[in-house]
Amino acid sequence: MGSSPLDRLSDDPRVSVRRAGAPDPDGRVVLYWMQRAQRASDNPALDLAIEVGNALGKAVVAYFGLVSAFPGANLRHYQFLADGLPDVASGLARRRVGFVLRRGTRHDLERVSEEIRPALVVTDENPLREPERWRRQASERQRVPVWSVDADVIVPTAQLEREQYAARTIRPRIHRQLEWFLQASRERAARVRWRSPAGLMSLEAGPHLLDGLPIDRTVPPAPGFRGGSTEGRRRLRRFVAERLAGYADARNHPEIDGTSELSPYLHFGHLGPREVALAVQDADAPLADRQAFLEQLIVRRELAVNFVRYNDRYDELAGCEPWALDTLRRHHRDRRPYLYVPRQLEQAETHDELWNAAERQMVGTGWMHGYVRMYWAKKILEWTRSPEEAFAVAIELNDRYELDGRDPNGYAGIAWAIGGKHDRAWGPERPVFGTVRYMSFGSTSRKFDSRRYIGGQVLNPHFFHV
DNA sequence: ATCGGCTCGCGCAA
DNA sequence: TGCGCGAAGCCGAT
C-alpha cells in the first residue's frame with residue numbers, strides 16, 4: 001500500500017479523492033480548478049496543487065471560469081468577484097503558477113483539460129448543491145485523478161461526520177481539532193514554471209471583464225465594498241487594530257461599526273478563514289473580545305457549513321427540526337395583524353422603521369448588520385402567510401441583495417430565525433411563532449440605539465460604509 | 001438591574 | 001433513565 005509522496009499528499013483530511021487513479025504520466029501540468037477559494041494565499045487547495053506539481057516535477061496552472069449561470073447571482077456579486085481577479089492573477093504569478101481565465105455560460109473544465117492536458121486535477125469545495133453537482137459531474141468526465149480540498153473552513157467538514165444538532169454539540173469537536181488545523185500554510189512556489197502553449201486563450205483580469213456577459217444587472221454594485229484579497233486584508237488589519245478591542249459588546253450594536261464586515265471576502269474566498277483567525281488570535285486585544293470573534297468565525301460559521309453540507313433541505317423549512325415544524329404547524333392558521341407581500345418587504349414598506357432600516361441597509365449597501373438580520377428574518381415569519389413563504393422570501397431577498405448571499409451562513413441564519421435551527425424552544429407559546437424564539441421591537445430597541453440606526457439609514461443610505 | 005419561568009431534547013453519566 | 005444546560009429572548013415581578 002501507498003507511501004509514495006502522492007499517497008501522502010492525498011491522505012490529508014482536507015482532501016477528498018473524487019476520482020482515483022495514478023496521474024497521467026503524459027500530462028503536462030497539475031491543473032487547479034479554482035472556484036470557491038478565489039485567492040493565492042492561505043489556500044490549501046492551491047498549496048496542494050503546488051505540492052503535487054513539485055512532487056511530479058510538473059508545472060501548475062489555475063483555471064477560473066467566470067460563469068454567468070451561477071444561480072441567483074447578479075451584477076452586485078459579479079462586480080465584487082471580478083474586483084478580486086487581478087489579485088488572484090498577481091498572487092499566482094508570485095508563486096510561479098499559471099492562470100487561465102475564461103468566461104461563459106457554464107464551467108468548461110472538459111475543454112480546458114483537453115487543451116492543457118493535466119496529469120491530475122485539484123479543486124476546492126463548496127457545499128451548496130449546484131457547485132457540488134458541478135464538481136461531481138466534472139470529476140466523472142475526467143480521465144485523470146480529481147482531488148478536492150476543503151479550503152474554506154478551518155476544521156475540514158468531513159471531520160464532523162454528520163449534521164450537528166447545535167452549537168453546543170459542534171463546539172467541543174471543533175475546539176479539540178483547532179490545534180491541529182489552525183496553522184498557517186507553508187506558501188511554497190511551483191518549482192517548474194508554467195509555459196502557456198501557443199494560442200491558449202486566457203482573458204485579462206480587468207475592468208472590462210463583465211462587459212457583455214449575460215448576467216442579471218438589475219442590482220447595482222455595492223457602493224461601499226471593493227472585492228479582492230488586497231482590500232480584504234486591508235479591512236482585516238483595520239478591524240484588528242481599531243475594532244477588535246471591545247468587539248464582544250460592540251458587535252451587538254448595529255448603530256456602530258463594530259463588526260469586521262469581512263463576510264463578503266470570506267464568501268468569495270478572497271480571504272481564507274485561517275488567515276483571519278490567526279490574525280485575531282495573535283492580536284493585542286482583550287481575550288474576551290478575541291474569543292467572541294473566533295466563536296463567530298469558527299464555531300458559528302462552520303456550524304453553518306456543516307448544516308448545508310449534511311442537510312440537503314438547507315434552504316427550506318422542512319430542513320428544520322421536528323419540534324419546530326410541529327409548533328409552527330399548530331400555529332399556521334393564527335391571525336396575523338400585519339401581512340405584507342414580497343414586494344412591500346423588498347421596498348421596505350412596513351409599519352416598523354427598524355425593520356425598514358435593516359432592509360434598506362441590505363438593498364442599498366449589500367450588507368446588513370448581523371444582529372438585525374435575526375430580527376429581520378423573524379419579522380418576515382410574523383408578517384407573511386406561512387412559515388414556508390417566510391423562508392422562501394427571506395432567502396430570496398438575502399441571496400439577491402447581500403454580497404454574502406448564497407452562503408451557508410445565510411441559510412443557517414434564516415433557518416435559525418424562522419425554523420429554530422440550532423436553537424431550542426422558548427416559552428411562552430405565542431401566536432404564529434409557537435415556541436420558536438420570539439424577538440420584539442421594544443425589547444430589541446432597548447438593547448441598542450435603534451433610533452440612531454434608523455436615522456443613519458434615512459439621512460444617508462451609505463452611512464455605514466462612508 | 002436582576003431574576004424566574006416559559007419550553008425542548010441532545011449527550012453524557014449512570 | 002435522569003439530568004444539565006443551551007446563539008443573541010420576552011415579560012412581569014422585585
Side-chain angles (χ1 to χ4, degrees), chain A residues 160-176 246-256 258-260 263 288-308 310-311 314 317 319-331 334 337 352 354-355 358 368-382 387 394 398 404 407-450 453:
Chain A
L160 282 315
E161 295 176 335
R162 61 177 179 275
E163 183 179 0
Q164 296 293 312
Y165 187 80
R168 71 183 143 92
T169 65
I170 203 175
R171 189 178 293 113
R173 293 165 213 267
I174 285 181
H175 278 282
R176 272 202 298 273
Y247 171 82
D249 290 326
R251 73 195 178 89
N252 284 334
H253 284 266
E255 76 278 26
I256 296 170
T259 69
S260 71
S263 55
D289 294 319
R290 285 181 283 147
Q291 281 174 341
F293 183 83
L294 294 174
E295 167 78 6
Q296 303 304 311
L297 175 71
I298 306 177
V299 174
R300 303 304 314 190
R301 181 169 179 273
E302 300 195 2
L303 178 60
V305 173
N306 171 271
F307 172 49
V308 169
Y310 289 104
N311 187 326
Y314 60 80
L317 185 69
C320 296
E321 304 300 332
W323 71 265
L325 302 182
D326 285 348
T327 194
L328 290 170
R329 195 183 56 240
R330 275 200 285 275
H331 287 272
D334 290 356
D352 179 337
L354 174 57
W355 194 94
M368 190 197 297
H369 189 281
Y371 192 84
V372 287
R373 286 192 197 202
M374 298 187 290
Y375 181 78
W376 176 85
K378 283 189 181 290
K379 292 299 144 181
I380 296 177
L381 170 60
E382 195 172 336
N398 181 79
D404 58 22
D407 187 280
N409 278 327
Y411 300 117
I414 288 166
W416 176 86
I418 294 174
K421 191 78 199 178
H422 302 146
D423 204 7
R424 52 189 273 217
W426 284 93
E429 198 165 350
R430 290 165 197 281
V432 183
F433 287 77
T435 57
V436 171
R437 184 193 300 257
Y438 182 72
M439 290 177 81
S440 72
F441 174 81
S443 185
T444 303
S445 297
R446 252 170 263 127
K447 291 174 188 163
F448 64 90
D449 190 347
S450 59
Y453 177 75

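In the text below, chain A, chain B and the rest are named by the order of the sequence lines, each starting its count at 1. Basis for what follows: all heavy atoms, side chains included, without hydrogens, waters or symmetry-related copies. Predicted model, so just to flag it, every value in this text is computed and none were measured.
Not counting sequence neighbours, the partners of Leu325(A) by the side-chain contact (heavy atoms from CB on, under 4.5 Å) test are Leu317(A), Cys320(A). Judged as a side-chain contact (heavy atoms from CB on, under 4.5 Å), and not counting sequence neighbours, Ala250(A) has no contacts. In terms of the salt bridge (Lys or Arg N to Asp or Glu O under 4.0 Å) criterion, residue partners of Asp326(A) (sequence neighbours excluded) are, by chain and number, Arg329(A). In this view, Met439(A) and Tyr371(A), Met374(A), Tyr375(A), Lys378(A), Thr444(A) satisfy the side-chain contact (heavy atoms from CB on, under 4.5 Å) rule, not counting sequence neighbours. Residues that satisfy the side-chain contact (heavy atoms from CB on, under 4.5 Å) test with Ala166(A), not counting sequence neighbours, are Arg168(A). Residues passing the ring pair (Phe, Tyr, Trp, His ring centres under 6.0 Å) test with Phe293(A) are Phe239(A), Tyr247(A), sequence neighbours excluded. Taking Glu382(A) as the reference, Lys379(A) meet the salt bridge (Lys or Arg N to Asp or Glu O under 4.0 Å) condition, with sequence neighbours excluded. Partners of Asp404(A) according to the salt bridge (Lys or Arg N to Asp or Glu O under 4.0 Å) rule, which considers only residues two or more places apart in sequence or in another chain, are Arg373(A).
Between Thr327(A) and the phosphate of dT7(B), there is no side-chain N or O to OP1/OP2 separation shorter than 4.0 Å.
When the P atom is compared between dT1(C) and dT7(B), the two are found 24 Å apart, to the nearest whole Å. Taking atom P in both dA14(B) and dC5(C), one finds a spacing of 14 Å when rounded to whole Å.
For the salt bridge (Lys or Arg N to Asp or Glu O under 4.0 Å) condition, the pairs that include at least one residue of residues 411-432 of chain A, sequence neighbours left out, are Glu163(A)-Lys421(A), Glu321(A)-Lys421(A), Asp423(A)-Arg437(A).
In this structure, Trp355(A) contributes its side chain and Trp376(A) its backbone to a donor-acceptor pair below 3.5 Å. At least one donor-acceptor pair closer than 3.5 Å links the side chain of Asn311(A) to the backbone N or O of Gly319(A).
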Inset, instruction - Take nucleotides 8-14 of chain B nucleotide by nucleotide from the 5' end and write B, S or -, depending on whether a protein heavy atom sits under 4.0 Å from the base, only from the sugar-phosphate, or from neither. - result: SBBS---

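In this entry the distance linking CZ of Phe433(A) with P of dC11(C) reads 11 Å, nearest Å. Here the P atom of nucleotide dT7(B) and the OH atom of Tyr438(A) are 17 Å apart, to the nearest Å. Between Trp426(A) atom CH2 and dG5(B) atom P there is a gap of 14 Å when expressed in whole angstrom units.
Contacts of Ala166(A) with the nucleic acid, taken as non-hydrogen atoms under 4.0 Å apart, are absent.
Contact check of residues 370-377 of chain A against DNA chain C (heavy atom, cut-off under 4.0 Å) returns Tyr371(A), Met374(A).
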Legend entry - Dot-bracket summary - DNA chain C, pairs being Watson-Crick or G-U whose distances fall under 3.5 Å, with | when paired to another strand: ||||||..||||||

